[in-house]
Amino acid sequence: MKPVLRKGKLTKWKDDKGFGFIRSSDGSQDVFIHITALQETNHRPQVGNVICYQLTADKDGRIHACNAFIEGVVSKPMPIISSLAIEKETFQPKAKYSLIFEVLLLSLLPGLGAMHFALTTFNPIPLILYPVISFVTFALYADDKSRAKQGRWRVPERTLHLCEFMGG
């Protein structure tokens with residue numbers, strides 16, 4: 001069944017709240033409209049505007065307008081951008097040497113602490129255990145990120161925090 005496009009006049013509009021009411025052209029009912037129902041417009045609705053809309057019901061069964069537009073107002077063009085283009089545009093990788101420097105700097109203090117402990121107690125286990133735990137934590141975070149991108153079940157947060165706490 002094809003949705004019916006209806007027409008009506010905006011009779012009330014609360015701009016600060018972002019909603020109002022449309023009186024349908026046949027005068028049968030007032031229909032609630034929210035600002036998010038207006039499609040691709042850069043024009044704020046005003047009382048007296050003619051609104052074209054479709055009707056839908058929310059989860060409580062209340063009727064409201066959706067897929068609406070203001071008649072006579074030119075809508076702004078919506079650029080078609082793939083998610084890959086958005087990801088490339090927003091992600092700016094750091095320089096290779098800067099990243100290496102940051103990793104070394106962040107590893108320096110815990111590494112020095114583990115070496116100091118190993119040398120003063122003559123116990124090399126912390127020196128071996130720290131990089132292993134760090135690698136395991138890194139692998140868990142990488143796996144969690146991969147699962148999130150694929151929409152699969154993720155690694156429990158408590159597991160990630162436990163590995164962080166143990167030194168990763």
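Numbers for residues simply follow the sequence, beginning at 1. Every value quoted in this text rests on a predicted model; they were computed, and no experiment measured them.
With sequence neighbours excluded, no residue forms a salt bridge (charged side-chain N to carboxylate O under 4.0 Å, His left out) with E157.
Closest non-hydrogen pair, Q29 versus L55, comes out as NE2-CD1, 3.7 Å. Of all the heavy atoms in A37 and A65, the pair that sits closest is CB-O, 3.4 Å. Nearest heavy atom pair, residue T11 against residue V47, reads O-CG1, 3.6 Å. Nearest heavy-atom pair, C163 versus L140, reported as atom, atom and distance to 0.1 Å: SG-CD1, 3.4 Å. Smallest separation of non-hydrogen atoms from A68 and I33: CB-CD1, 3.8 Å. The two atoms that bring Y53 and S24 nearest to each other are OH-CB, 3.5 Å, heavy atoms only.
Going from atom CG of L129 over to atom OG of S134 covers 9.5 Å, rounded to the nearest 0.5 Å. With values rounded to the nearest 0.5 angstrom, K12 atom NZ is found 7.0 Å from D30 atom CG. The structure places CZ of R23 at 11.0 Å from NZ of K9, a figure rounded to the nearest 0.5 Å. Residue R152 holds its CZ atom at 10.5 Å from CG of D144, rounded to the nearest 0.5 Å. Distance check: I51 CD1 to K7 NZ gives 11.5 Å after rounding to the nearest 0.5 Å. Atom OG1 of T121 is separated from atom NE2 of H116 by 9.0 Å, given to the nearest 0.5 angstrom.
Put simply, I133 and F138 are part of two different groups of oily side chains (I, L, V, M, F, W, Y) that touch within less than 4.5 Å, one to the next. Linking ILVMFWY side-chain heavy atoms closer than 4.5 Å, directly or via other members, places L160 and V136 in a single hydrophobic cluster. No chain of hydrophobic side-chain contacts below 4.5 Å, direct or via other Ile, Leu, Val, Met, Phe, Trp or Tyr residues, connects F69 to F21. Cluster membership for I35 and F32, using ILVMFWY side-chain heavy atoms within less than 4.5 angstrom, is not shared.
With a 6.0 Å radius and a threshold of 12 heavy atoms from other residues, nucleotides or ligands, R158 has its CZ atom at or below the threshold. By the neighbour-count criterion of 12 heavy atoms within 6.0 Å, atom CG of L109 is sparsely surrounded, having that number or fewer from other residues, nucleotides or ligands.
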CA sep, side-chain torsions, deciding dist, call: H64, T56, side chain to side chain contact (heavy atoms under 4.5 Å, CB included): CA-CA 6 Å; H64 62 92; T56 188; 3.2 Å; yes
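Here the side chain of D60 pairs no donor or acceptor atom with the backbone of R62 at under 3.5 angstrom.
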